[in-house]
Amino acid sequence: MVPYSLCIAVLFCTLAWADECAWDRDVDFSENPPIIFDESFEIVRPVLEDNYRMVRVTAGSKLILDCPGTNITSLAVTTVEATCDGGRNLWIDDKTWEMKDLGCTAEAAATIRRNTGSCGSEDIGVIHIIGFEILGPESFYELIRVCFDPTSETTLYSQNVIKGRNIAAKDVDPNRPDFKTSSGFFTVSMSSVYSQNSQLNLMTELLGDSDLASQTINVSKEFYFAKGHLAPDADFVTVPEQDATYFYINAVPQWQAFNNGNWKVSAKETWQVCGEFVMLEQVNG
DNA sequence: CTACCGTCAC
DNA sequence: GTGACGGTAG
């Protein structure tokens with residue numbers, strides 16, 4: 001016979017959990033969480049609640065778990081549809097799963113949709129979109145819209161949306177990936193071009209004076225051109241979104257003194273503003 | 001991956 | 001001074 005108190009407990013829990021699924025971002029997820037999309041193909045992101053980074057969806061809602069570029073390890077597929085069971089688990093094809101057991105084999109990776117339109121003055125630029133493949137090539141989640149001038153091989157501007165409700169609950173990961181070239185955009189090696197040595201060599205050649213060149217490119221004074229993010233790493237909530245900013249087409253040569261000074265301060269001001277709004281569309285360039 | 005530099009807010 | 005953040009090199 002089942003004790004009476006246990007019945008009460010079970011009933012209570014059922015009632016309390018019936019309306020939604022809730023997960024703690026720092027407890028209930030695997031090392032490489034999937035990108036979670038809701039039924040309108042918006043990413044489900046954590047919200048800061050009393051120092052807990054909570055991910056919530058309504059009970060019964062259908063989600064898409066996506067590991068673009070890799071697989072959900074337990075299922076050996078990139079994308080799967082799942083239903084919130086009203087507690088901590090997800091229904092997938094008549095079987096329940098814990099969120100923790102639905103991690104990606106590697107970090108979910110952004111890709112680029114190329115040549116989706118023209119942009120810039122007199123349509124000099126070409127639009128490339130950095131984002132996530134969802135169910136294959138027919139569906140794509142846009143993160144960063146890049147206006148790239150193929151003639152000068154320079155990005156004119158990048159456009160991204162800051163999620164004001166989620167930015168306080170963003171992932172903090174000290175590891176930063178290398179910038180990716182993603183072939184077809186540049187005719188030169190971008191990593192070589194940005195190296196401080198090649199900058200010094202170029203300046204020496206241009207000025208014809210090595211003393212003058214070493215005053216112009218002076219690393220200790222932050223007089224060098226850094227890979228200045230246009231859509232910034234820190235504007236994004238999840239690690240895969242943050243790492244999607246590390247494409248060379250999302251960066252322009254920027255004096256490090258400015259990059260690490262005014263620009264950084266300006267980014268923080270932007271968050272202050274967007275804390276007052278749900279989201280803010282930002283254009284940098 | 002590790003070690004390093006400079007700026008800023010606290 | 002320390003940690004977060006913007007970078008660098010090997």
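Proteins get letters first, then strands, A, B, ... in listed order; numbering begins at 1 in each.
Rounded to the nearest 0.5 angstrom, A:E142 CD and A:I129 CD1 are separated by 4.0 Å. Taken from NE2 in A:H229 to CD in A:Q242, the straight-line distance is 10.0 Å, to the nearest 0.5 Å. In this structure, CD on A:Q215 lies 10.0 Å from OG on A:S210, to the nearest 0.5 angstrom.
Residues of residues 196-205 of chain A having a heavy atom closer than 4.0 Å to DNA chain B: none are found.
Taking A:D28 as the reference, A:R88 meet the salt bridge (Lys or Arg N to Asp or Glu O under 4.0 Å) condition, with sequence neighbours excluded.
The nearest whole Å value for the distance from the CG atom in A:N175 to the C1' atom in B:dC1 is 9 Å.
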Using a 3.5 Å cut-off and no angle test, enumerate the donor-acceptor pairs between side-chain atoms of residues 91-106 of chain A and protein atoms at least two apart in sequence or in another chain.
residue: A:K100; atom: NZ; partner: A:V27; partner atom: O; Å: 2.9
residue: A:T105; atom: OG1; partner: A:N71; partner atom: O; Å: 3.3
residue: A:T105; atom: OG1; partner: A:T73; partner atom: OG1; Å: 2.8

Taking only distance into account, with no hydrogens and no angle test, what donor-acceptor pairs under 3.5 Å do side-chain atoms of residues 48-69 of chain A form with protein atoms, sequence neighbours excluded?
residue: A:E49; atom: OE1; partner: A:R56; partner atom: NE; Å: 3.3
residue: A:E49; atom: OE1; partner: A:R56; partner atom: NH2; Å: 2.8
residue: A:E49; atom: OE2; partner: A:R56; partner atom: NE; Å: 3.0
residue: A:R53; atom: NE; partner: A:D26; partner atom: OD1; Å: 3.4
residue: A:R53; atom: NE; partner: A:D26; partner atom: OD2; Å: 3.2
residue: A:R53; atom: NH1; partner: A:A169; partner atom: O; Å: 2.8
residue: A:R53; atom: NH1; partner: A:K170; partner atom: O; Å: 3.2
residue: A:R53; atom: NH1; partner: A:D171; partner atom: OD1; Å: 2.9
residue: A:R53; atom: NH2; partner: A:D26; partner atom: OD1; Å: 2.8
residue: A:R53; atom: NH2; partner: A:D171; partner atom: OD1; Å: 3.4
residue: A:R56; atom: NH1; partner: A:E20; partner atom: OE2; Å: 2.5
residue: A:S61; atom: OG; partner: A:T58; partner atom: O; Å: 2.6
residue: A:D66; atom: OD1; partner: A:T79; partner atom: OG1; Å: 2.9

Find every protein N or O atom lying less than 3.5 Å from an N or O atom of nucleotides 6-10 of chain B, and list the pairs.
residue: B:dG6; atom: N2; partner: A:N260; partner atom: OD1; Å: 2.8
residue: B:dG6; atom: N2; partner: A:N260; partner atom: ND2; Å: 2.9
residue: B:dG6; atom: N2; partner: A:K264; partner atom: NZ; Å: 3.4
residue: B:dG6; atom: N3; partner: A:N260; partner atom: ND2; Å: 2.9
residue: B:dT7; atom: O4'; partner: A:N260; partner atom: ND2; Å: 3.3
residue: B:dT7; atom: O2; partner: A:K264; partner atom: NZ; Å: 3.0

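In the hydrophobic clustering of this structure, A:I36 does not group with A:F41; members are Ile, Leu, Val, Met, Phe, Trp, Tyr whose side-chain heavy atoms approach within less than 4.5 Å, directly or through other members.
The existence of a salt bridge linking A:E42 and A:K163 is confirmed by a sub-4.0 Å separation between a basic side-chain nitrogen and an acidic carboxylate oxygen.
The residue among A:K170 and A:F179 whose nearest nucleotide of DNA chain C is located toward the 5' end is A:K170. With DNA chain C read from its 5' end, the first of the two nearest nucleotides for A:V172 and A:D178 is the one closest to A:V172.
Ring geometry for A:W263 versus A:F258: interplanar angle of 30 to 60°, hence tilted.
The residue A:Y194 sits apart from the nucleic acid: no heavy atom pair falls under 4.0 Å.
With a 4.5 Å cut-off on side-chain heavy atoms, A:W255 and A:F225 count as touching.
Contact footprint of chain A on DNA chain C: nucleotides with an atom under 4.0 Å from a non-hydrogen protein atom, first to last in 5' to 3' order, C:dC5 to C:dA9.
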